[in-house]
Amino acid sequence: MDTLEVIKNWVKRDSEILDLGCGKGEILKILSEELNTTSLGIEINQENITLCIQSGLNVIQQNIDEGLSNFGDKSFDTVIMSQTIQVLREPKKALLEVTRIGKECIVTIPNFGYWSTRLNLLVSGKMPVTGSLPNAWHDTPNIHLCTIKDFELLCIECGINIIEKRFFDSSGIENSLTRLLPNLFGSTAMYKISK
Amino acid sequence: MSNSLEAIEVNKITLDGKLELECGQDIENIDLVYETYGTLNSDASNAILICHALSGNHHAAGTYQNEERPGWWDALIGPEKAINTNKFFVVCPNNIGGCHGSTGPSSINKQTGKSYGPDFPIITVADWVRCQSMLSDSLGIKVWHAVIGGSLGGMQALEWSCLFPKRIKKAGIIAAAPKLSAQNIAFNEVARQAIVNDPDFVSGRYLDVGKSPKQGLKLARMIGHITYLSEEAMRNKFGRELKEGKLKFGFDAEFEVESYLRYQGDVFSESFDANTYLLMTKILDYFDPADKFEGKLDKAFKEIEAQLLIVSFSTDWRFSPERSKEIVNALIKAKKDVSYMEIDSPHGHDSFLFADKEYVNGLSSFLEN
């Protein structure tokens, strides 16, 4: 399965979804069309916001780094934070906030422990530039990268339960290697968590 | 301007029935002037109502014959503009209490044969909305595709979505606030004091004696105008430029900003009615939809069915983005269909009148999605 199929499996029909960093709204649109979800997106880029509005999605311009206190406790069935936590100033605070707001949360992270990232650093001696991390160190929005191990340790530290987890290779597909040694062969990790 | 509407006509209608006002009084035989742009489709499903702000009127778009200046929202209303008149039938009335042809303080009270003056009842935003719904009935528009307004106009759009949830599909609430702050009311009070203390105000009966409190109205407009602009906009437009290039060590208008404000105040005082200005500021001060719901805005929003777009502007300090976020957060709490944009614009509160690209794209996407 790919990442989108897993999200579709994890989200319940007719449920209320909050997507933090919803981009152009691709995920929310699919979920509302296929699973009849009620959705709200949070986004900071105005071109993306306009695209969301064009798709008929509800979207709020808000900087996640400035807090999420405007959302009530357990006010959404599922909070999605896909490829967003690594760009935030305070990932730990954000993780605690999403698990406060959502009954369940789906968090996707790029794995800095992926073999090609490790090899890239080992061989070149420079900060890795790869397909999933394409920016130079000084010009990247990804200011808080972590490995699968790091992320799971942070969850333990925060008292967050990992309900399910899935790992995908660089083309976004699960395979036997990603299942066997996720922190080495998983390019992307997806977690279903709650607190 | 090639894409501006031409040959604009002003319509006038006398509404059937009476309007029961929140203050307890009634008004009958209400005259409303309004303009329309575009064409109403066969099932009357493409109609958009535009609500004007404090000093606005029914002339929202297009240019009258033999006039150069277009309507106040011409930057946004017209063919292929944000509010696209090739697709939508746009209606903009002058609200009751106004001074541009709709029943207001300067109209003749049929019972006395004199102008209403200070006896004109205090109107509220909800009264305006009910009056606009009577106009909708007369025009055969059961459901508005959208109701849109900036500032006090945005407050009307918000009130529409609360009062007539089944008659409005979308609400565009731009540069508005859920209620005025003490600071907002303070500015309004200074404006009112300027007017009522003008010797030519004559306790509001100035029309009966052929006078007009122009000095007071001018001051009121000058202070209002300052709150519409940002510090940045004023700095860029005037800086500390001197009219004659050097200080004259006197109290005449020496700085460009002084002569600009005086000029704006003079123009306004020639064309606006002082009692209407007093009334409009009071309407603003009274607006507070949460008041009937223990101050809880999300409860006031409970019946809303419309999709809402809230827009604020970065340099607006009259109704700052924080005020719009109060509306947004209450709508989120009430689980309503809401989208929110905060537009970077240097023009302060007046930003809602300018066709900023992101603002235009957001608004047109909202209306056409």
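Atom set for the values below is all heavy atoms of this structure, side chains included, hydrogens, waters and symmetry mates excluded. Note on naming: letters A, B, ... go to the chains in the order of the sequence lines (proteins, then strands), and numbering restarts at 1 for each one.
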List the steps and the verdict of side chain to side chain contact (heavy atoms under 4.5 Å, CB included) for Glu47(A) and Glu358(B).
CA-CA 7 Å; Glu47(A) 280 175 32; Glu358(B) 299 297 343; 4.1 Å; yes

Neighbour count above 12 (heavy atom, 6.0 Å) for [X] [atom1]:
X: Lys74(A); atom1: NZ; answer: yes
X: Lys192(A); atom1: NZ; answer: yes
X: Lys336(B); atom1: NZ; answer: yes
X: Trp317(B); atom1: CH2; answer: yes
X: Lys302(B); atom1: NZ; answer: no
X: Lys333(B); atom1: NZ; answer: no

Side chain, backbone, both or neither: which part of Val338(B) has an atom under 4.5 Å from a heavy atom of chain A?
both

Residue pair [X] / [Y]: nearest heavy atoms and the distance that separates them:
X: Lys335(B); Y: Ser75(A); answer: NZ-O, 2.8 Å
X: Phe71(A); Y: Ile332(B); answer: CE2-CG2, 3.7 Å
X: Gln61(A); Y: Glu342(B); answer: OE1-N, 2.9 Å

Can you measure from [atom1] ([X]) to [atom2] ([Y]) and round to the nearest 0.5 angstrom?
X: Leu309(B); Y: Ile49(A); atom1: CG; atom2: CD1; value: 10.0 Å
X: Gln46(A); Y: Asp344(B); atom1: CD; atom2: CG; value: 6.5 Å
X: Phe366(B); Y: Thr50(A); atom1: CZ; atom2: OG1; value: 12.5 Å

Would the distance check show the side chain of Asn369(B) and the main-chain N or O of Ile53(A) forming a donor-acceptor pair, the cut-off being under 3.5 Å?
yes

Please answer whether the main-chain N or O of Gln62(A) pairs with a side-chain N or O of Lys325(B) as donor and acceptor at a distance below 3.5 Å.
no

With a 4.5 Å cut-off on heavy-atom pairs, point out which of Asn361(B), Asp337(B), Leu308(B) contacts chain A the most.
Asp337(B)

Check each atom of Leu51(A) against the heavy atoms of chain B and say whether the ones under 4.5 Å are side chain, backbone, both or neither.
neither

Which region of Glu16(A), side chain (C-beta onward) or backbone (N, CA, C, O), has a non-hydrogen atom less than 4.5 Å from a non-hydrogen atom of chain B, or is it both or neither?
side chain

